[in-house]
Each structure stands twice: as C-alpha cells, then as structure tokens.
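A short worksheet on the structure shown next.
Every heavy atom of this structure was used, including side-chain atoms; hydrogens, water molecules and symmetry mates were not. We count residues from 1, following the sequence as given.
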Amino acid sequence: MRARIKILLAAAALSAPMVVPMSATAESPENSYAVPGLEKPVSMTVDTWGVPHISASSTGDLFQAQGFSAARDRLFQMDTWRRSGLGELSAVLGPRHVEQDRAARLFLYRGDMDKEWASYGPRAKEVATRFAAGVNAYVDWLEKNPDSMPEEFRKLGYKPAHWKPQDLVRIRAHGLVSNLTKEVTRAKLMCLGGPDASRYLSKLEPKHKPEVPDGLDLCALPDDVLDTYKLATAPVSFANGKMAKEPEEVRALREHASGSNAWAVSPERTSTGRPILAGDPHRVNTSVPANRYITHLSAPGLNIIGAGEPWNPGVSMGHNGNVSFGLTNLAADQSDLYVYDLKPGDPTKYRYRGRWASMKTVEEDIPVAGGEARKASLPFTRHGPVVKMDQAKNKAYAVRTVWTQPGTSAYLGSLNFQKAKNFDAFSEAAREWKAPGSNLVYADKKGDIGWVPGALAPKREGKGYDGLLPVPGDGRHEWTGFSNSDDFPSKLNPKTGLVSSANEYNFPRGEEALGYEWAERYRKDRIDEVLSKQSGTSVKDTTDLQNDVKSLAATEILPYLKGLESSDPTTKKALDLLRGYDGVASKDSAEAVLFETWITNVLYPAWARAMLPKEAAQYLTQGKLMQDFRVVTDSFAEPEEWFGEGGAQARDKLILDTLPTAYDEVSRFLGPDPGKWSWGAAQIHVFRHPLGGPNVGPTPMDGTYHTVRVSTYLPSLFPRVQIVGPTFKMALDVGSWDNSRAINAPGQSGDERSPHYADLAAKWGAGEYFPLLYSKAAIERNAETRITLDPA
C-alpha cells in the first residue's frame with residue numbers, strides 16, 4: 001500500500017501541468033445580477049488580482065453580497081465543505097460516502113442554538129442568514145444561467161445545494177483541536193517503549209512527565225480507534241467516485257505541521273513611524289483553490305479587508321481602517337479520548353461512577369444517490385460521540401472536544417472584533433474567541449501593538465489527567481469548567497517594540513498550562529533575531545522576512561560536525577559539503593538537499609533506533625516523519641543523559657554512520673556531482689484539483705519545516721512534495737493601508753474558466769506580492785471588472 005501511495009503521489013506531482021490563466025470567464029455578460037432580498041443596489045469592483053471590493057448601503061446587504069461574491073468565485077469548494085461537514089455527501093456521490101457522512105454527523109454541533117448565535121455577537125444570526133441568502137441567490141442565478149455552472153458540477157452530475165444559516169455554524173470538523181491523535185500515539189509508544197518513551201515523541205512545555213491514568217491499559221487501544229474521527233475530519237476524495245483513504249503521511253502532516261507566523265512592529269522601530277503587522281497562516285495547501293479568500297467589505301459603520309475561509313462571513317485576518325489583526329495557532333489542548341467499560345450483553349450502557357449509564361443514540365437517515373436512504377445510529381456518552389465500539393472486549397471509545405460548546409465554529413469569533421477601534425475593544429471582543437486556540441496579534445493606526453490569546457481551554461480534574469493520554473470514562477477524569485481569554489496574560493506595547501508569534505510556548509512561567517505540545521521555537525527565534533536587528537523596518541523588510549529560509553535547526557545541529565573526521569570517501573564528501581552550509585534553504589542550495597535528506601530520512605530514524613526498543617522506534621518513525629526535532633538537538637547537547645556513558649562518542653558515531661547514507665540517497669536522484677544539486681529541484685509544490693485537473697504546478701520550492709517561510713514536505717518521495725505552507729500572506733502598513741501587500745495562491749477563484757484561477761501562483765512561488773488596496777481611488781485605478789447587484 002505504501003509503495004502504491006508513493007507512486008500515485010509522485011506521478012501526480014511530476015505530471016501535473018502548469019496552468020496558464022484562461023481568457024474565458026464565468027462572469028455575467030451584463031456584469032449585473034438580480035439578487036432577491038437586497039434592500040438597495042450593491043456595487044462590487046474586482047481588481048487586477050481578483051479581490052472583490054464590495055460596497056453596500058447597509059451591513060445586511062453587505063454580508064448578503066459577500067455570500068454571493070464568495071459563491072461566484074468558490075461555489076464548488078463551498079458546496080463540498082458544506083456537504084462534507086453536514087454529512088450529506090452520499091446524497092450526490094453515492095453509497096461509498098455513507099461512512100464519511102455518518103462520521104461527520106457525530107461531530108455536528110447539537111447544542112442550544114440561541115447560545116451558539118450569541119457567542120459570535122448580537123447580530124451573528126442575521127449576518128449568517130444574509131450570507132446564506134447571498135450564496136442561495138447565486139445558486140438560483142446558475143439555475144437560470146446553466147452555461148455559467150462550475151465545471152465540477154457538470155462532471156459529477158449534480159447541482160449545488162441551498163444553504164441554511166445554521167449550516168455555517170453547526171459544522172465543526174474543519175476546526176483545529178490539539179493533540180487527539182498524539183494521545184493515542186503517545187500511549188502506543190509508551191506501550192512499546194516503556195513509561196519514559198514519551199520524551200522521544202515531543203518536547204513538553206512547561207517541562208512535564210506524563211502520568212498514566214489509573215485504569216488505563218496503554219497496550220489495549222485498538223489500532224483503528226480514531227478511524228471514525230479521521231474520516232470525519234478528512235478531505236473529500238472524488239477519485240473515480242470512490243472514497244480514497246488519506247495517506248497516513250499526509251494525515252500526520254495535516255494534524256501536526258499546521259501553524260502560522262504573525263508579528264507586529266511598533267512605530268519607533270519602523271521606517272515610516274507607523275506600525276507594521278504581518279501574518280501568514282500555514283495549513284495543508286495542496287488543493288486548488290486553497291482555503292483562504294480575500295475580500296473587502298464596506299458599508300456604513302464597517303470597512304474591513306482581509307482573508308478568511310470562503311464559507312465564513314467577515315474576515316479573520318486583515319484590518320478595518322483603525323485596527324489590524326493576524327493570528328497563529330495557540331496549542332490549547334481542546335480534546336480528549338475517553339475509554340469505557342461496557343455492560344456485558346448491553347453495549348448501550350457504560351460504567352460511570354459505579355453505575356451503568358445509558359448512551360444517548362440519535363437515529364438519522366442518510367440520503368443516498370441512486371438508492372434508498374441508509375439508517376445511521378449515532379451513539380453519544382456524556383462526554384461526546386462514540387467513535388469506536390468493541391463489543392467483543394466490552395469497550396467503547398468517545399471523543400470529547402470543545403466543539404460541543406457554543407461558539408466554537410472555527411474562526412467565526414472574528415465577527416466580534418470586526419468593528420473594534422482600539423486595543424481595549426479588541427481585547428474585550430477576544431474574550432469570546434473559543435476555537436481554534438489562537439494568538440491574536442494586533443496593531444492600530446494610533447501606534448499601539450499587542451497580543452491577546454484566545455481559546456476555550458478545558459480545566460481537567462483527576463489523578464494523572466493532563467490531557468496527554470486517553471483516560472477512563474468512569475467519572476474520575478472530568479472537565480470542571482473552562483479558561484478563556486479573561487484568564488490569560490496579554491501584551492500591550494512591550495518595551496521591545498515587537499510582538500511575534502510562531503506557535504511556540506509563549507505563556508509566562510507559573511501560568512496554568514493550556515497544553516504541553518507547542519511548536520519548535522526555530523521560526524519564532526528567527527523572526528525575533530531579524531526584527532531585533534532592524535531599526536527601520538519597512539513593508540519590504542517584512543515580506544522579505546516572511547520569505548526568509550534560514551533554518552535555525554540547521555545552525556543548531558551543524559556545529560556537531562566541525563571536529564569530525566572520516567576515512568570513508570562518501571562520509572568525507574558529506575562532511576565537506578555540510579561544513580560550508582549557512583543554513584539558508586534556498587532553491588539553489590545543494591547543502592539544503594543533503595541536510596534535509598539527512599535529518600528526515602536517515603538521522604532521525606537511526607537516532608530513534610539508538611534510543612528506543614526496535615518496535616517502539618519503528619512506530620515512532622513510521623512514514624519517516626519527524627515528530628519533534630528538538631528532542632534530537634537536546635540529546636546532542638546532553639549526550640551523557642540521552643545516550644548514556646560515552647554519550648558524546650555515541651553521538652558522533654551516529655552522525656558519521658548516517659551521513660554517507662544520505663549522500664548516496666541524494667546522488668541516486670540528482671546525480672553524483674553535488675555542484676548540480678539544488679533544493680528547488682528536490683522540493684516541489686503542486687496545487688491539485690479535486691477532480692484531477694487542471695492542476696497548478698509543479699513549482700520549485702525553498703524553505704523547510706524549520707524556516708519562517710515554512711515548507712513541510714513528504715520526505716518519503718523524491719522530489720519532496722510540499723504539503724503544508726502559507727498560501728495567504730499579508731504585510732500591513734498600518735494607517736497607510738494602500739502600501740500594504742498580500743498574496744493568495746494559486747488565485748482568488750476556484751472556477752477554472754476564470755483568469756484568477758492560477759494567476760497568483762507564479763508570484764507566490766517567487767515570493768512576490770500584490771498591493772492590498774483599501775482606498776476608493778486606488779481601487780478605481782486598478783479595477784478589472786465592475787459588477788452591480790440589484791434588488792430583485
């Protein structure tokens with residue numbers, strides 16, 4: 001299976017053609033549309049880069065126009081997101097998707113809708129209602145203008161669905177909750193490698209040793225315990241009309257490599273005397289279109305521009321003319337796996353506090369195209385949906401997440417601060433931000449910069465209950481409440497004149513831990529290193545830093561090679577090459593190819609074998625995915641503690657033994673002459689269309705998992721295929737907004753007939769940007785298309 005997956009992925013990457021933007025568009029010939037429900041006409045100007053600038057006479061009309069505009073550019077993507085999230089794929093794609101539909105329905109929000117709407121602000125329900133009405137208006141327009149129907153619907157043979165307002169908020173499975181799969185991974189690793197094996201999985205911050213909860217059998221977890229959860233959160237595959245299981249390598253990267261950068265620079269440190277705010281979220285970026293969409297929304301009382309997910313009203317990263325905001329993931333642990341004893345002979349009952357408690361079972365019909373509806377039984381414990389039932393062993397497993405709480409629809413909490421005019425108002429609004437856990441970075445035109453963490457973080461009670469391992473569901477391990485932004489520290493105008501976040505552990509010592517599994521500090525430290533040396537930071541400096549590819553992981557590990565010698569000619573060539581490496585993973589770097597191949601494909605697996613029993617090492621390194629490189633560098637820095645007596649010699653031998661293997665691996669693919677090696681030839685990116693084409697790419701890539709310009713790739717392939725990276729980036733000149741810059745690859749539109757389907761891919765690959773225009777004059781100068789939405 002692994003070999004077949006590799007071949008398929010490699011073939012897709014290497015054979016995918018670079019798309020040239022087409023001249024035909026899906027635009028209405030009259031450039032006007034009749035939209036039922038609008039109170040007054042709405043104008044929309046699409047600029048040269050495909051950004052819609054929407055102006056309305058009321059916010060109600062504005063959000064309806066946003067829904068219409070998003071659907072015009074991204075309807076198939078939005079329709080797929082909705083059907084997948086609601087568990088309605090089978091209704092159009094047939095019976096092979098029934099299990100995915102059932103899985104998705106387990107994680108829908110099923111709580112109080114009044115509390116749900118209130119979480120996003122007093123007008124959230126109205127905003128969602130009008131946004132959905134805008135989507136529906138475009139769907140209805142397509143019914144009357146079938147020539148403009150996106151090609152995907154033609155190929156698959158169904159029509160786009162109409163939306164309900166609650167569809168926007170009930171779907172939870174696209175959000176990020178930390179560490180659920182890590183709990184299972186840690187348990188299995190500790191089973192195979194002993195109680196101390198957890199330290200080899202990841203570095204915990206603050207320093208902590210997991211305690212096995214009483215009654216938990218680490219070795220009893222089924223291998224498929226999270227298959228239902230993974231299916232609920234998996235992307236949709238349309239390949240031959242079949243559900244294709246996502247390769248485990250991609251799944252691991254999707255869950256553990258997503259992140260972001262964001263920073264703000266105070267006026268005293270910039271070249272203009274105005275703040276600068278930067279942001280670039282990192283998500284799985286293999287699809288076309290990508291998952292961010294830029295829009296500009298203007299109505300009395302609101303004038304906001306930036307990016308968000310196309311199915312969400314408003315924007316989650318951008319500015320409103322007064323304040324600007326970016327975000328990064330905050331590693332609040334918002335999920336747990338519960339293990340239950342079932343009553344023998346009655347799998348509907350589980351042991352809870354000395355008694356048999358009854359599961360709640362919801363019965364639903366799943367419509368199936370071309371056949372009868374399937375019955376789906378959805379069992380729930382008091383903690384959450386049951387994802388695995390093992391009647392033979394009288395065990396059940398359920399997932400508890402914050403998704404069951406009101407207000408945890410991903411990123412929609414940004415509606416609360418869309419109109420904020422100062423830091424106090426922004427901080428007050430951030431108290432309602434619940435999911436995903438986020439570092440909200442701030443700057444305003446008065447000169448203030450700041451940081452506010454936002455998350456709904458469970459408070460855990462029970463012996464050995466720290467969120468790092470599954471727990472028995474018998475009542476001894478409970479959530480006793482939640483912490484939120486009110487309970488967390490924040491920053492306003494720090495003395496350094498800098499605020500930055502790159503998913504690292506950033507809470508002061510002594511603060512209650514929201515979680516223990518934070519990102520490595522390499523990106524954060526590089527951002528601070530560069531910014532702290534600049535006295536007049538410009539927007540250009542900011543975009544340069546977003547594209548910075550110096551790896552501090554490389555500069556941390558390379559000094560251990562300095563004193564080493566070898567008589568083996570291949571080892572000597574590898575040492576000579578890497579001793580000249582400055583850690584900059586540029587496209588033309590031969591050293592980067594060798595270094596990355598060495599640490600991912602050779603050094604890390606060999607290090608694991610040196611540290612752990614054979615089966616544990618194999619489990620830790622399956623797929624050759626690096627879990628956390630800090631544990632390797634920590635072991636190199638303290639060799640006696642990690643390797644044992646004679647640790648320094650064992651470390652040096654490990655280096656010398658693994659270098660020639662890496663050198664030979666690169667030689668097999670790029671030839672024996674390192675003068676002809678380059679990282680851009682060894683690492684590529686392809687935006688893949690969900691139906692197989694047109695794809696965009698391949699594009700040579702620079703950067704690594706450890707650089708500010710993140711590039712997380714599949715190391716098991718050659719060339720390495722990038723899976724995670726920033727497709728949207730912004731650098732905001734706060735107060736002189738037209739000087740701001742942005743990029744959104746491969747393009748704003750998901751319609752293959754649009755000129756904006758792939759027009760930004762080349763810029764993105766080259767690290768270039770376009771102006772993120774805000775003023776009416778600048779927008780008019782760069783107008784490409786003018787559209788009017790008229791009340792019907």
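- The side-chain heavy atoms of Tyr338 and Val387, taken from C-beta on, include no pair separated by under 4.5 Å.
- Using a 4.5 Å heavy-atom threshold, the side chains of His685 and Pro698 count as separate.
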- side-chain hydrogen bond (donor to acceptor under 3.5 Å, both in side chains) between Ser501 and Thr328, intermediate numbers included: CA-CA 7 Å; Ser501 171; Thr328 72; 2.6 Å; yes

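- Salt-bridge check for Asp336 with Arg460: passed, with a basic side-chain N closer than 4.0 Å to an acidic carboxylate O.
- Note: Trp598 and Tyr581 fail the aromatic proximity criterion, with ring centroids not under 6.0 Å apart.
- If you check the side chains of Lys524 and Ser500, you find a donor sitting under 3.5 Å from an acceptor.
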- salt bridge (Lys or Arg N to Asp or Glu O under 4.0 Å) between Lys463 and Glu211: does it pass, once the steps are laid out? CA-CA 8 Å; Lys463 187 176 185 299; Glu211 182 178 350; 2.8 Å; yes

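- Taking the six-membered ring for Trp, Tyr705 and Tyr713 have ring centres at least 6.0 Å apart.
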- Begin from the C-alpha positions of Asn439 and Asn506 and carry the test side-chain hydrogen bond (donor to acceptor under 3.5 Å, both in side chains) through to its verdict. CA-CA 10 Å; Asn439 297 283; Asn506 56 358; 2.9 Å; yes

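- Taking the centre of each ring, Phe669 and Trp677 stay at or above the 6.0 Å mark.
- Paired with Leu656 under the rule side chain to side chain contact (heavy atoms under 4.5 Å, CB included), one option of Leu575, Asp568, Leu561 passes, and it is Leu575.
- Heavy-atom contacts from other residues, nucleotides or ligands closer than 6.0 Å to CG of Asp223 number 12 or fewer.
- Remark: the backbone N or O of Tyr229 is paired with a side-chain donor or acceptor of Thr233 at under 3.5 angstrom.
- At least one side-chain heavy atom of Pro206 sits under 4.5 Å from a side-chain heavy atom of Tyr505.
- Side-chain contact, Thr381 with Tyr340: a donor N or O sits under 3.5 Å from an acceptor N or O.
- A salt bridge between Arg526 and Asp548 is present, with a side-chain N of the basic residue lying under 4.0 Å from a carboxylate O of the acidic one.
- Side-chain contact check for Arg688 and Thr286: no donor-acceptor pair (N or O, by modelled atom type) lies under 3.5 Å.
- Distance NZ/Lys573 to CG/Leu578: 13.5 Å, rounded to 0.5 Å.
- Of the possible polar contacts, one joining the Glu504 side chain to the Ala502 backbone as a donor-acceptor pair under 3.5 Å is found.
- At a cut-off of 3.5 Å, with distance as the only test, no side-chain donor of Arg709 or Asn261 sits close to an acceptor on the other residue.
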- Item | side chain to side chain contact (heavy atoms under 4.5 Å, CB included) evaluation trace for Val399 with Phe107 | CA-CA 9 Å; Val399 171; Phe107 290 96; 3.9 Å; yes

- Item | Residues Ile599, His706; criterion side chain to side chain contact (heavy atoms under 4.5 Å, CB included); working and verdict | CA-CA 12 Å; Ile599 65 170; His706 304 114; 4.1 Å; yes

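- Looking at Tyr522 and Glu556, their side chains do bring a donor and an acceptor atom within 3.5 Å of each other.
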- Between Lys188 and Glu615, is a salt bridge (Lys or Arg N to Asp or Glu O under 4.0 Å) present by the stated rule, with each step listed? CA-CA 10 Å; Lys188 288 183 176 293; Glu615 289 187 352; over 6 Å; no

- Item | Worked verdict on Asn503 versus Arg523 for side chain to side chain contact (heavy atoms under 4.5 Å, CB included) | CA-CA 9 Å; Asn503 318 114; Arg523 285 183 288 118; 2.8 Å; yes

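- Side-chain N/O atoms of Gln334 and Thr401 include no donor and acceptor closer than 3.5 Å.
- To the nearest 0.5 Å, atoms NZ (Lys587) and OG (Ser678) are separated by 10.5 Å.
- The pair Lys653-Asp657 counts as a salt bridge, with a side-chain nitrogen and a carboxylate oxygen less than 4.0 angstrom apart.
- Under the 3.5 Å distance criterion, with hydrogens and angles disregarded, a donor-acceptor pair is assigned to the side chains of Asn179 and Asp333.
- Interatomic distance, Arg186 CZ to Leu201 CG, rounded to the nearest 0.5 Å: 5.0 Å.
- In this structure, Arg651 forms no cation-pi arrangement with Trp607, as its terminal cationic atom is not both closer than 6.0 Å to the ring centre and no more than 45° off the ring axis.
- A side-chain donor from one of Asn285 and Gln722 sits under 3.5 Å from a side-chain acceptor of the other.
- Rounded to the nearest 0.5 Å, atoms CZ (Arg609) and CG (Leu620) are 11.5 Å apart.
- With rounding to the nearest 0.5 angstrom, the CE atom of Met389 is 10.5 Å from the OG1 atom of Thr228.
- Checked by atom type, the side-chain pair Arg720/Thr597 shows a donor-acceptor distance below 3.5 Å.
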- Task: I would like to know whether Arg199 and Glu641 meet salt bridge (Lys or Arg N to Asp or Glu O under 4.0 Å); could you show each step before the answer?
- Result: CA-CA 12 Å; Arg199 74 185 300 208; Glu641 177 187 342; 3.1 Å; yes

- Take Gln683 and Asp702, measure what side-chain hydrogen bond (donor to acceptor under 3.5 Å, both in side chains) needs, and give me the verdict at the end. CA-CA 7 Å; Gln683 184 185 206; Asp702 53 10; over 6 Å; no

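- Between the CG atom of Leu558 and the CD atom of Glu591 there is a distance of 10.0 Å, given to the nearest 0.5 Å.
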